[in-house]
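The chains referred to below are lettered A, B, ... by the order of the sequence lines, with proteins before strands, and numbering in each begins at 1.
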2 protein chains.
Amino acid sequence: MTASRALRGAADVSKETREKVLQQAERLNYVGNRLALSLSSQRTNLVAVVVPSMSNIVFPEMLAGISAGLRGSGMQAVFGISDYDMAKEREIIRDMLSWRPAAIIVTGLDQPAETVRMLQNAAIPVIQLMDLDGTPIDFNVGLSHGKAGEEMAKALLAAGRRRFGYIGSAIDRDLRAGKRKAGFEKVLRESGLAFVDERFNAAYSSVAHGKRLSMSMLAATRDLDCIYYSNDDMATGGAFACLELGISSPAEILIAGFNGLDVASALPVRIATSISPRRQMGEVAAALLLAASSGDGSQISEKIIAFTPEITGVD
Amino acid sequence: MTASRALRGAADVSKETREKVLQQAERLNYVGNRLALSLSSQRTNLVAVVVPSMSNIVFPEMLAGISAGLRGSGMQAVFGISDYDMAKEREIIRDMLSWRPAAIIVTGLDQPAETVRMLQNAAIPVIQLMDLDGTPIDFNVGLSHGKAGEEMAKALLAAGRRRFGYIGSAIDRDLRAGKRKAGFEKVLRESGLAFVDERFNAAYSSVAHGKRLSMSMLAATRDLDCIYYSNDDMATGGAFACLELGISSPAEILIAGFNGLDVASALPVRIATSISPRRQMGEVAAALLLAASSGDGSQISEKIIAFTPEITGVD
DNA sequence: CTGAAAGCGCTAACAT
DNA sequence: ATGTTAGCGCTTTCAG
């Protein structure tokens with residue numbers, strides 16, 4: 001018992017005893033057992049996080065934000081990858097909950113009812129991250145992808161663009177990309193417009209797919225002055241296609257994406273994008289959850305924290 | 001006791017009883033407690049993984065490989081980010097070991113002595129991933145970065161390149177990039193050559209930094225026919241710089257990187273790169289560790305699994 | 001096929 | 001300042 005106290009730096013241990021304990025611990029290469037600690041104390045330092053993918057840099061960046069936001073708090077993030085599969089996500093969450101995490105962070109807020117029930121039942125802070133379009137279970141940190149699509153369409157229309165193409169990927173699984181497209185289309189419709197051409201890829205977004213689909217669209221028609229992409233990876237491929245085909249961009253055709261990736265801003269052609277603060281969202285989620293589990297709920301004023309992506313490169 | 005058996009599908013439970021247990025579990029929204037399970041059974045399903053960064057897509061891809069390789073095994077990966085900081089890595093490892101993981105995967109094999117001692121003391125399979133240049137603690141899956149640098153230099157020399165520049169980032173912390181550079185330089189030296197110009201960035205690699213450093217190098221001298229970069233992110237920035245400056249690449253100046261990123265292969269200019277099988281390395285590490293902890297060590301023939309990166313785009 | 005006993009390594013609460 | 005007791009929720013082992 002005294003050793004236990006000394007090891008975790010409790011107050012009521014004589015300096016002398018503490019020294020001895022620490023010394024022996026060092027000598028024996030003692031490593032505490034968190035399983036026992038957590039089981040006994042009925043609390044863990046685990047934060048479960050579920051992301052849809054690791055192949056798109058935005059999720060790792062978000063994880064880095066969470067990890068950084070948690071640093072120093074003693075909390076430890078545990079990650080699971082759902083591959084954009086709701087059934088897989090449910091199993092991952094079930095599995096993670098069995099570790100009795102202090103909180104859980106999931107991507108988006110389109111979980112099916114059973115997953116929602118599981119999450120509610122866990123009786124821990126739940127944060128739904130990235131998206132804002134839907135009904136949150138508990139906390140919600142993100143941006144409205146529908147609105148992001150709308151705003152981009154408005155900005156492009158204001159800049160005089162009229163003939164739009166759309167290029168996307170796995171639109172059935174990447175729900176947030178779908179919401180952006182829907183928002184974009186809504187604004188187009190309100191101006192009596194529609195996409196001139198649409199091309200999709202069954203697989204997930206990548207620069208190569210963006211380029212390939214762009215090449216095929218541009219081979220079919222040049223009657224375009226803007227192409228909206230599901231994200232910046234795809235858009236980067238579009239920029240490459242323009243460069244290769246000698247299409248002057250943005251003059252002739254403006255490439256528009258979403259995320260504000262590092263690579264997009266360095267591109268030799270200017271592209272339009274909405275900058276999503278994914279790292280910051282992760283940090284904010286971490287801060288929120290720290291506040292929530294510190295018991296002092298009083299300092300939490302809002303359960304929903306909304307970000308607005310900044311649009312750049314339109315003109 | 002019977003419930004415990006029924007829940008984990010043990011054989012010796014009557015069908016009838018099992019049904020009843022499962023039904024009640026469902027009704028009560030029962031979620032098992034892994035803390036208790038692991039404490040009691042003296043084993044966990046956790047695999048600790050430490051990576052240096054989440055901002056470079058290669059590490060998330062490696063994690064995705066590990067995660068995929070573990071799927072179905074019941075094992076769960078837990079990730080920590082060291083920010084290329086050996087002291088931080090040590091603390092993360094210490095922390096992770098307190099969860100009594102079944103195995104641990106760390107990036108590279110340049111851990112300081114104290115970390116090595118901790119790892120050895122843990123008495124679990126240790127896999128050092130990505131690099132091969134050094135003395136492994138236990139298992140080692142990766143490629144020789146020194147050799148990768150050498151081979152790239154040889155290939156470039158064979159293709160007739162002679163006047164080389166080097167552009168890198170955080171070379172003091174990214175040891176593997178340093179090994180590639182050292183290998184490259186060694187081969188240059190053997191041909192009586194050396195880098196004409198070198199530029200470094202204190203921060204980590206990014207397309208933007210690659211572009212910036214390339215612009216400044218190309219403003220200082222054009223007496224180059226090849227620039228070797230610390231990796232493909234930086235090299236992509238170099239390709240962008242060439243495009244913007246109207247330098248014909250690869251004809252005039254060839255851009256050479258490392259990793260074989262998706263974006264690099266779609267670039268409108270051909271760049272040279274070594275394709276590192278990072279996802280596959282993750283999968284192999286997972287398979288290895290599964291074999292190692294299944295107790296059946298007999299099926300493990302090699303403790304060191306070496307990959308050879310394929311060089312592309314040199315000519 | 002089911003149950004009872006003991007214990008995993010730790011901490012909370014209560015002595016001393 | 002240190003020690004004692006009980007128990008976290010499960011599994012392992014041994015009995016029935």
- Message: Expected output is a numbered-order residue list: members of residues 27-36 of chain B with a heavy atom under 4.0 Å from any atom of DNA chain D. What is it?
- Response: B:Y30, B:G32, B:N33, B:A36

- Taking heavy atoms of chain B and a 4.0 Å limit, find me the 5'-most and 3'-most nucleotide of DNA chain D within that range. D:dG9 to D:dT12

- Would you find a donor on one side and an acceptor on the other, under 3.5 Å apart, between the side chain of B:Q111 and the backbone of B:G108? yes

- Take the protein atom CD of B:Q42 and the nucleotide atom P of C:dC10, then report the distance between them rounded to whole Å. 11 Å

- With heavy atoms under 4.0 Å as the rule, sort B:R18 into base, sugar-phosphate or nothing. nothing

- Which part of the nucleic acid does B:R100 contact within heavy-atom distance under 4.0 Å: base, sugar-phosphate only, or nothing? nothing

- Query: Does the side chain to side chain contact (heavy atoms under 4.5 Å, CB included) test come out yes or no for A:N33 and B:L39, once each step is laid out?
  - Reply: CA-CA 9 Å; A:N33 187 330; B:L39 180 61; 4.1 Å; yes

- A:G74 backbone acceptor or donor facing A:N45 side chain under 3.5 Å: yes

- Message: Let me spell it out: for each of A:T17 and B:S40, pick the nucleotide of DNA chain D with the closest heavy atom. Which residue's pick is nearer the 5' end?
- Response: A:T17

- Message: Checking the side chain of A:S41 only, and the main-chain atoms of A:L37 only, is there a donor and an acceptor separated by less than 3.5 Å?
- Response: yes

- Message: Regarding A:S206 and A:D233, do their side chains bring together a donor and an acceptor under 3.5 Å, going by distance alone?
- Response: no

- A:S41 side chain: which of C:dC8, C:dT2, C:dT11 is closest? C:dT11

- Task: Please work out if B:S38 contacts a base, only the sugar-phosphate, or nothing of the nucleic acid, heavy-atom cut-off 4.0 Å.
- Result: nothing

- Can you tell me if the side-chain N/O atoms of B:T2 get under 4.0 Å from OP1 or OP2 in C:dG3? yes

- Query: Do the charged groups of B:E283 and B:R279 touch, with an N to O distance under 4.0 Å?
  - Reply: yes

- Message: Please check: side-chain N/O of B:R8 versus main-chain N/O of B:S4, any donor-acceptor pairing under 3.5 Å?
- Response: yes

- Message: Checking the side chain of A:Q280 only, and the main-chain atoms of A:M62 only, is there a donor and an acceptor separated by less than 3.5 Å?
- Response: no

- Closest to the 5' end of DNA chain C, once B:K15 and A:M1 are matched to their nearest nucleotides, is B:K15

- Short side-chain N/O contact to C:dT11 OP1/OP2 from A:R5, under 4.0 Å: no

- Query: What nucleotide, of C:dC10, C:dG3, C:dG9, holds the atom closest to the side chain of A:L39?
  - Reply: C:dG9

- Using the ring of each side chain (for Trp, its six-membered ring), is B:Y84 parallel, tilted or perpendicular to B:F59, with breaks at 30° and 60°? perpendicular

